[in-house]
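To start, the structure under review is shown below, and the notes come after it.
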Amino acid sequence: MGTDANEAGDALAGLTAAERIIVEGVADYYWRNDGMPHERGHVIGWLMISDPVEQTTAELIDRLGTTRAAIDRVADQLVPARVVLRRDIPGTDEYALHMNDESWPNAVLDVFANIPEFDRILRDAQETLKDEDPERRQRLDRTQHLFGFIAREIPNVVTTYAEREKTATLGG
């Protein structure tokens with residue numbers, strides 16, 4: 001592994017070997033797929049498995065060897081989407097973060113929330129270009145078909161998931 005991985009290993013020295021594998025795996029995933037700096041991915045990875053579930057900014061800094069700025073950035077990005085929940089600590093500038101059972105369904109919903117709007121824009125574009133050369137519209141049509149499909153299907157996926165989780169939780 002390169003220098004970044006070695007630095008991450010040093011920063012994650014407060015974790016067990018198994019915890020480091022998970023936290024670094026999550027960070028690598030977000031780096032490869034979203035370009036998110038590892039330091040922020042570490043925060044997300046740790047919140048997925050942390051014990052106790054709720055972690056203060058001071059605990060995150062200590063455990064992960066990260067910065068307050070990285071934690072603030074994760075909070076700024078994920079609290080509005082309800083992926084991470086925040087509790088301010090009265091009388092301080094500290095706060096605590098945690099994930100719950102709804103965190104990842106909220107994340108998925110947040111990612112897909114704007115797809116219907118983009119599908120509408122693409123359908124409007126198709127209407128605008130309806131009299132144009134079909135070859136010119138081909139990419140637009142394929143893109144709209146994809147986003148239209150996702151816009152129609154994702155609510156069904158989320159509902160099916162929620163129903164299965166409810167059944168599993170109730171022991172059915």
- Item | Carboxylate-amine/guanidinium contact R136 E132, below 4.0 Å | yes
- Task: Would you confirm whether E59, through its side chain, and T56, through its main-chain N or O, come within 3.5 Å as a donor-acceptor pair?
- Result: yes
- Taking all heavy atoms of A151 and all of P116, pick out the closest pair and write down the distance. CB-CA, 4.0 Å
- Item | Listed partners of E165 passing side-chain contact (heavy atoms from CB on, under 4.5 Å), at least two apart | Y161
- Message: Could you walk me through whether I150 and H145 satisfy the side-chain contact (heavy atoms from CB on, under 4.5 Å) test, starting with their C-alpha distance in whole Å, then the side-chain angles of each, then the deciding distance to 0.1 Å, before giving a yes or no?
- Response: CA-CA 9 Å; I150 293 170; H145 291 163; over 6 Å; no
- Query: So, are R137 and D133 salt-bridged, with charged N and O less than 4.0 Å apart?
  - Reply: no
- Task: Start with the C-alpha gap between E127 and K130, add the side-chain angles, then the distance that decides, and say whether salt bridge (Lys or Arg N to Asp or Glu O under 4.0 Å) holds.
- Result: CA-CA 5 Å; E127 180 63 26; K130 69 181 179 192; 2.8 Å; yes
- Item | CG-CD distance between L122 and E117, expressed to the nearest 0.5 angstrom | 10.5 Å
- Y30 and I44 have their tightest heavy-atom pair at CE1-CG2, 4.0 Å
- Query: Taking side chain as C-beta onward, heavy atoms only, is H42 less than 4.5 Å from T66?
  - Reply: no
- Here the gap from T143 atom OG1 to D119 atom CG, rounded to the nearest 0.5 Å, amounts to 11.0 Å
- Within-4.5 Å side-chain heavy-atom neighbours: R73 and E39: no
- Ignoring hydrogens and angles, tell me if any N or O in the side chain of N33 forms a donor-acceptor pair with the backbone of Y29 under 3.5 Å. yes
- Query: Given side chains that start at C-beta, do those of L85 and N100 come closer than 4.5 Å, heavy atoms only?
  - Reply: yes
- Query: Can you check whether L64 reaches L15 side chain to side chain, under 4.5 Å on heavy atoms?
  - Reply: yes
- Message: Can you tell whether the side chains of R87 and E94 come within less than 4.0 Å, N to carboxylate O?
- Response: no
- Task: Kindly compute the distance separating CG (D101) from CE (M99), expressed to the nearest 0.5 Å.
- Result: 12.0 Å
- Task: Report yes or no: do W104 and V53 belong to one cluster of Ile/Leu/Val/Met/Phe/Trp/Tyr joined by side chain heavy-atom distances under 4.5 Å?
- Result: no
- Message: Let's go through L146 and R142 carefully: what are the C-alpha distance in whole Å and the side-chain angles of both, what is the deciding distance for side-chain contact (heavy atoms from CB on, under 4.5 Å) to 0.1 Å, and is it a yes or a no?
- Response: CA-CA 6 Å; L146 171 64; R142 278 199 307 261; over 6 Å; no
- Can you find a pair of side-chain heavy atoms, one from T159 and one from E163, that are under 4.5 Å apart? yes
- Query: If you round to the nearest 0.5 Å, how far is CZ of F112 from CZ of F118?
  - Reply: 14.0 Å
- The side-chain contact (heavy atoms from CB on, under 4.5 Å) partners of R164 (sequence neighbours excluded) come to T160
- Cluster question for you: counting only ILVMFWY and a side-chain heavy-atom cut-off of under 4.5 Å, with indirect links fine, are L47 and I89 together? no
- Query: If we only count heavy atoms from C-beta on, is the R63 to L12 side-chain gap below 4.5 Å?
  - Reply: no
- Between A75 and Y95, the two heavy atoms sitting closest are CB-OH, 3.7 Å
- Query: Within a strict 4.5 Å, meaning less than it, do heavy atoms of the W31 and H38 side chains meet?
  - Reply: yes
- Item | Hydrophobic cluster identity match, M48 and I21, side-chain contacts under 4.5 Å | no
- Could you walk me through whether Q55 and H98 pass side chain to side chain donor-acceptor pair (under 3.5 Å), step by step? CA-CA 6 Å; Q55 300 280 300; H98 74 278; over 6 Å; no
- Please step through side-chain contact (heavy atoms from CB on, under 4.5 Å) for the pair I49 and E19, ending with a clear verdict. CA-CA 8 Å; I49 63 168; E19 291 168 340; 4.1 Å; yes
- Interatomic spacing from CD1 in I71 to CH2 in W46 - rounded to 0.5 Å: 13.0 Å
- Item | D88 with R86: basic N within carboxylate O range, under 4.0 Å | yes
- Could you tell me the separation between the OG1 atom of T67 and the CG atom of D72, rounded to the nearest 0.5 Å? 8.0 Å
- Query: Going by heavy atoms in the side chains, are L97 and E54 under 4.5 Å from each other?
  - Reply: no
